[in-house]
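Take a look at the structure set out below.
Each residue takes its place number in the sequence, starting with 1.
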Amino acid sequence: MAATVRRQRPRRLPCWALVAVLLADLLALSDTLAVMSVDLGSESMKVAIVKPGVPMEIVLNKESRRKTPVTVTLKENERFLGDSAAGMAIKNPKATLRYFQHLLGKQADNPHVALYRDRFPEHELNIDPQRQTVRFQISPELQFSPEEVLGMVLNYSRSLAEDFAEQPIKDAVITVPAFFNQAERRAVLQAARMAGLKVLQLINDNTATALSYGVFRRKDINSTAQNVMFYDMGSGSTVCTIVTYQTVKTKEAGMQPQLQIRGVGFDRTLGGLEMELRLREHLARLFNEQRKGQKAKDVRENPRAMAKLLREANRLKTVLSANADHMAQIEGLMDDVDFKAKVTRVEFEELCADLFERVPGPVQQALQSAEMSLDEIEQVILVGGATRVPKVQEVLLKAVGKEELGKNINADEAAAMGAVYQAAALSKAFKVKPFVVRDAVIYPILVEFTREVEEEPGVRSLKHNKRVLFSRMGPYPQRKVITFNRYSHDFNFHINYGDLGFLGPEDLRVFGSQNLTTVKLKGVGESFKKYPDYESKGIKAHFNLDESGVLSLDRVESVFETLVEDNPEEESTLTKLGNTISSLFGGGTSSDAKENGTDAVQEEEESPTEGSKEEPGEQTELKEETEAPAEDTSQPPPPEPKGAAAPEGEKPDDKGSSDKSEAQKPEEKGQSGPEGVPPAPEEEKKQKPARKQKMVEEIGVELAVLDLPDLPEDELARSVQKLEDLTLRDLAKQEREKAANSLEAFIFETQDKLYQPEYQEVSTEEQREEISGKLSAASAWLEDEGFGATTVMLKEKLTELRKLCQGLFFRVEERRKWPERLSALDNLLNHSSIFLKGARLLPEMDQIFTEVEMTTLEKVINDTWAWKNATLAEQAKLPATEKPVLLSKDIEAKMMALDREVQYLLNKAKFTKPRPRPKDKNGTRTEPPLNASAGDQGEKVIPPAGQTEEAKPILEPDKEETAAEPADSEPLELGGPGAESEQKEQTAGQKRPLKNDEL
């Protein structure tokens, strides 16, 4: 077998290290026992959590609503989020930001930026000179990027989840539209970093919906494939997804359900928002026509009026989904003029006729990408709020040709529930039933590079090569390795998007740059100089498309190989012992250990899966590049005059047979034992063939991002600090508001109490006037200077007033508690007296209490009676305006002392064994005499195992001692029943005084 020498990479962790890792994981669970999911929609978001005892629950916001508007209002000194910000949209539309997700990952020249300016002209957008993206200019000193605004929303969602879960939360799964490209996904991850969230995964919202659907119908999934189409029309976009459900066999858990994304189609601008904008424009036109003769300004020039019209259009769209017509009305739309107009559903459908024509488009795209027909679709399920529009359902039903559309899923919360299930599955704190998720790559990714070839003798030219890395509709997450064989010096290659022909011209413009990254390798030539005697196996680039759909280049390595003599004698005893222990704990054999060591690089190399939709030629090229880069083992890697296609075609055979040939064919020297006859151990050492040794050298990588540069670390740190400062300011503001509200409430409540009879009874006129004067002064101060008062000043003022009223409130509170406390004390005294009287009446034969115990109880009863009568008499002499001497805490203390004495005697009576009655002298006596031995009675006792017959039986303990025995102790037999009764008599008679003293 070939061996690999890999620097700074241990072959196997020691056992103690594995234990340390497990302990660290267990300790980490104590900090993060709850996880959350955020379903980020264009208009609103849904937050769900999972915590111990609360499986998959939608979080209620501060207004007790299950969904929260994705809206932020930013002012100089304050900030509003969620429903509060939505309410500010009419008062201050310029400072209220909505639908800003449409600007994520887009540069200033993107058509979506122009569309956003057209839809919301009140917002001022300027350009970031470094990244060429846009920023919201709230004021000359206040500007925010879309990522920062999204970070505020994510931080707010975490605060809602933490309040609902009553514990801190850091781990989250966030939904994103399936059509988000690399730049848009990275923008969401940066926003999450600004919010301090640890993103377990960015899950596509269509995948989350499909997962939620499958989780709650797990029993209906079997080995037969079921194809379901989800049509999701939300506020900002529309996505159609074809999902296949079936059970598959997994290595870890056997047969488990699986969902596989087979096809995806989308329309970035088709949604409920566009319908509302059409309605807003219609209402604005009607309002202008009503004021045509008054020479009034155009309502479109008034941002507040347009914000009111957009809110009314949203309500109108919802009402028209269930009614044929409705009256739109807005009070004081502009210039104190009311607006009222009737809108019918027919008019609404005419306004959006071109939008309804686009409804079947995503369906056709999904079918084409899945290479399926409508006959193979078993069910079409509606998701998203905009699918409630009747015309959308009518057009869609006609397009899919089904009898009906499925509405058996929560259209608003399905994605949030699926995402939180995935969050629980990814978290270490929860164990959920496995559900295999195979998401699909929407945009193919390829690697492009140029190398010099010699087509004819003496004629060199450059050849441009393309290798499909991740094909369209191929599954992810997965890793790929591409090997460059013909380079012995530093070179560059490019990572770009593949064929995007399925996108229309407008979608391509919105998509942005099709070039992702340029990779510059440094140190290739030095690696060849470092290992001149080794055979090069190429430059291997390791790519990873993770669970979030984000592509990354893990590392680039230069791999060399040579044949070395294997000397088993050189292996130390300690190494052998370590390998043996590792194989025991690893569950593998020595051959497995060798395999893990030699094939570490190949473990990460994955050939294209069966679901890949790439061209046959490209798939073969990638497979060759991925799995078998070896060309001619005797030739060095510098450029050769021959082309790359012919030698590369031979790679799979060489690589595929290399391991077998090394293990089976004779050594090059030709010495081998007879077939079928195992050689002697000494001969084995001599005849053992030379093994292959691999050397791996890390290559320096310099990345140049081409689609959208990420925020530099210093800029990211400044954004994080900016958001933290805003959060601290909001918390300080909330604390101040809470202090002001507490002070104001105390003033009003106390002023009202001064006129209540129970407060007037315990206070004099002078005391009430003093308190009233201080309260009036504090109220006037709060109205005049309270606006500028700090939190500390407000709290000090409240403390001062409470101290002034403390005596009054104390007297009232004590008088409220007296009747209940005194009644309880009387009942306890009466019951204790009756109990003591009954205890004294017991005959001497049955008496279980000592005279000391009964005397002690009697003394406590008498003292309590005396204290009560004396305190009541003293309290009656005091005026009601003085501090009372009869205190509720003293009554409770007396009750506790008396109850403690009574409970002591009750417990003693409960656990004391009654004395046996004397036997009648004239009656027959079946018991043996006291001096009779146990061996003379009845049947012989068999001693326990390990005990001789001469050993004396252990006496049976009485109940008090037996109660302290362990539960697993076995009772020992004590001869006949007569002997047992006699023994109990002796034991009880001997030990009873001792037990009384102990108690």
*Check step by step if side chain to side chain donor-acceptor pair (under 3.5 Å) holds for Ser888 and Arg821.*
CA-CA 7 Å; Ser888 58; Arg821 297 292 192 277; 5.1 Å; no

*Passes side chain to side chain donor-acceptor pair (under 3.5 Å), Gln721 versus Asp725? Steps please.*
CA-CA 6 Å; Gln721 188 61 44; Asp725 293 342; 2.9 Å; yes

_Let's go through Lys817 and Glu814 carefully: what are the C-alpha distance in whole Å and the side-chain angles of both, what is the deciding distance for salt bridge (charged side-chain N to carboxylate O under 4.0 Å, His left out) to 0.1 Å, and is it a yes or a no?_
CA-CA 5 Å; Lys817 293 178 180 179; Glu814 286 297 320; 5.0 Å; no

_side-chain contact (heavy atoms from CB on, under 4.5 Å) for Asp890 and Val885? Distances and angles first, verdict last._
CA-CA 9 Å; Asp890 294 340; Val885 294; over 6 Å; no

*List the steps and the verdict of side chain to side chain donor-acceptor pair (under 3.5 Å) for Asn741 and Glu737.*
CA-CA 6 Å; Asn741 292 336; Glu737 291 176 349; 5.9 Å; no

*Using the salt bridge (charged side-chain N to carboxylate O under 4.0 Å, His left out) rule, take Asp863 and Lys859 through it: C-alpha gap first, then chi angles, then the decisive distance, then the call.*
CA-CA 6 Å; Asp863 291 347; Lys859 182 176 184 303; 3.0 Å; yes

*Quick one: do Lys62 and Asp83 satisfy salt bridge (charged side-chain N to carboxylate O under 4.0 Å, His left out)? Show the steps, please.*
CA-CA 9 Å; Lys62 297 177 181 179; Asp83 290 289; over 6 Å; no

*Check step by step if side-chain contact (heavy atoms from CB on, under 4.5 Å) holds for Thr790 and Arg736.*
CA-CA 7 Å; Thr790 63; Arg736 187 198 171 281; over 6 Å; no

*When you look at Met417 and Ile58, which way does the side-chain contact (heavy atoms from CB on, under 4.5 Å) test go after all the steps?*
CA-CA 8 Å; Met417 298 299 283; Ile58 295 292; 3.7 Å; yes

*Is there a side-chain contact (heavy atoms from CB on, under 4.5 Å) between Met88 and Lys75 once you walk through the steps?*
CA-CA 11 Å; Met88 295 291 295; Lys75 294 184 178 182; 3.1 Å; yes

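Shown here is Lys94, whose NZ atom has no more than 12 heavy atoms of other residues, nucleotides or ligands within 6.0 Å. Counting non-hydrogen atoms of other residues, nucleotides and ligands closer than 6.0 Å to CZ of Arg816 gives a total above 12. Counting non-hydrogen atoms of neighbouring residues, nucleotides and ligands closer than 6.0 angstrom, the CD atom of Glu122 exceeds 12 such neighbours. Counting non-hydrogen atoms of other residues, nucleotides and ligands closer than 6.0 Å to NZ of Lys67 gives a total of 12 or fewer. No more than 12 heavy atoms of other residues, nucleotides or ligands shown are found within 6.0 angstrom of CD on Glu166. Residue Asp336 qualifies as open at atom CG: its count of foreign heavy atoms under 6.0 Å is 12 or below. Environment of CD in Gln756: crowded, with over 12 heavy atoms of neighbouring residues, nucleotides or ligands closer than 6.0 Å.
In this structure, Arg768 and Tyr759 have side chains that are not in contact, with every pair of non-hydrogen atoms separated by 4.5 Å or more. For the pair Val38/Val153, no side-chain contact is recorded, criterion being any heavy-atom separation below 4.5 Å from C-beta on. A heavy-atom distance below 4.5 Å is not found between the side chains of Leu202 and Val173. Residues Leu723 and Met152 meet the side-chain proximity criterion, which asks for heavy atoms closer than 4.5 Å. You'll find the side chain of Ser157 reaches within 4.5 Å of the side chain of Met45, heavy atoms only. Counting heavy atoms from C-beta on, the side chains of Arg66 and Lys46 never come closer than 4.5 Å. Between Arg158 and Met36, some side-chain heavy-atom pair lies under the 4.5 Å cut-off. At least one side-chain heavy atom of Leu743 sits less than 4.5 Å from a side-chain heavy atom of Trp781.
With respect to the salt-bridge test (charged N to carboxylate O, under 4.0 angstrom), the residues Glu758 and Arg815 do not qualify. A salt bridge between Lys317 and Glu276 is present, with a side-chain N of the basic residue lying under 4.0 Å from a carboxylate O of the acidic one. With salt bridges taken as basic N to acidic carboxylate O contacts below 4.0 Å, one links Glu713 and Arg193.
A donor-acceptor pair under 3.5 Å is formed between the side chain of Gln767 and the backbone N or O of Thr764. Looking at Ser37, its side chain does come within 3.5 Å of a backbone N or O of Ala416 through a donor-acceptor pair. Arg811 places a side-chain N or O within donor-acceptor distance of the main-chain N or O of Val762, the cut-off being under 3.5 Å. Listed for the Gln101 side chain is a donor-acceptor partner under 3.5 Å among the backbone atoms of Gly41. A donor-acceptor distance shorter than 3.5 angstrom exists from the side chain of Thr318 to the backbone of Asn314, with no hydrogens or angles considered. Between the side chain of Ser823 and the main chain of Pro819, no donor-acceptor pair closer than 3.5 Å is present. Judged purely by atom type and a 3.5 angstrom limit, Glu148 uses its side chain to pair as donor or acceptor with the backbone of Ser145. Not one N or O on the side chain of Asp335 forms a donor-acceptor pair closer than 3.5 Å with the backbone of Val337. In this structure, the side chain of Thr175 engages the main chain of Leu40 through a donor-acceptor pair within 3.5 Å.
When only modelled atom types and interatomic distance are considered, Gln329 and Asp338 share no side-chain donor-acceptor pair under 3.5 Å. Defined by atom type and a distance below 3.5 Å, a donor-acceptor pair is present between the side-chain atoms of Thr96 and Thr73. Using modelled atom types, one finds no donor on one side chain facing an acceptor on the other under 3.5 Å when comparing Thr791 with Glu735. Side-chain N/O atoms of Ser548 and Gln201 include no donor and acceptor closer than 3.5 Å. Checked by atom type, the side-chain pair Ser719/Glu147 shows no donor-acceptor distance below 3.5 Å.
For the side chain to side chain contact (heavy atoms under 4.5 Å, CB included) test, residues two or more places apart in sequence or in another chain that qualify with Ile90 are Ala307, Lys308, Arg311. Checked against side chain to side chain contact (heavy atoms under 4.5 Å, CB included), Gln130 has the following partners two or more places apart in sequence or in another chain: Asp128, Pro712, Glu715. For Tyr99, the ring-ring contact (aromatic ring centres under 6.0 Å, His included) criterion is met by Phe120, not counting sequence neighbours.
Separation of atoms CG (Leu160) and CG (Leu81) is listed at 9.0 Å; rounding is to 0.5 Å. To the nearest 0.5 Å, the span separating CG on Leu825 from CG on Leu829 amounts to 4.5 Å. Distance CH2/Trp865 to OG/Ser833: 6.5 Å, rounded to 0.5 Å. The structure places CZ of Arg315 at 13.0 Å from CG of Leu310, a figure rounded to the nearest 0.5 Å. A distance of 11.5 Å separates OH in Tyr904 from CG in Leu857, rounded to the nearest 0.5 Å.
When each of Asn862, Val860, Ile861 is tested with Thr864 by the rule side chain to side chain contact (heavy atoms under 4.5 Å, CB included), just one qualifies, namely Val860.
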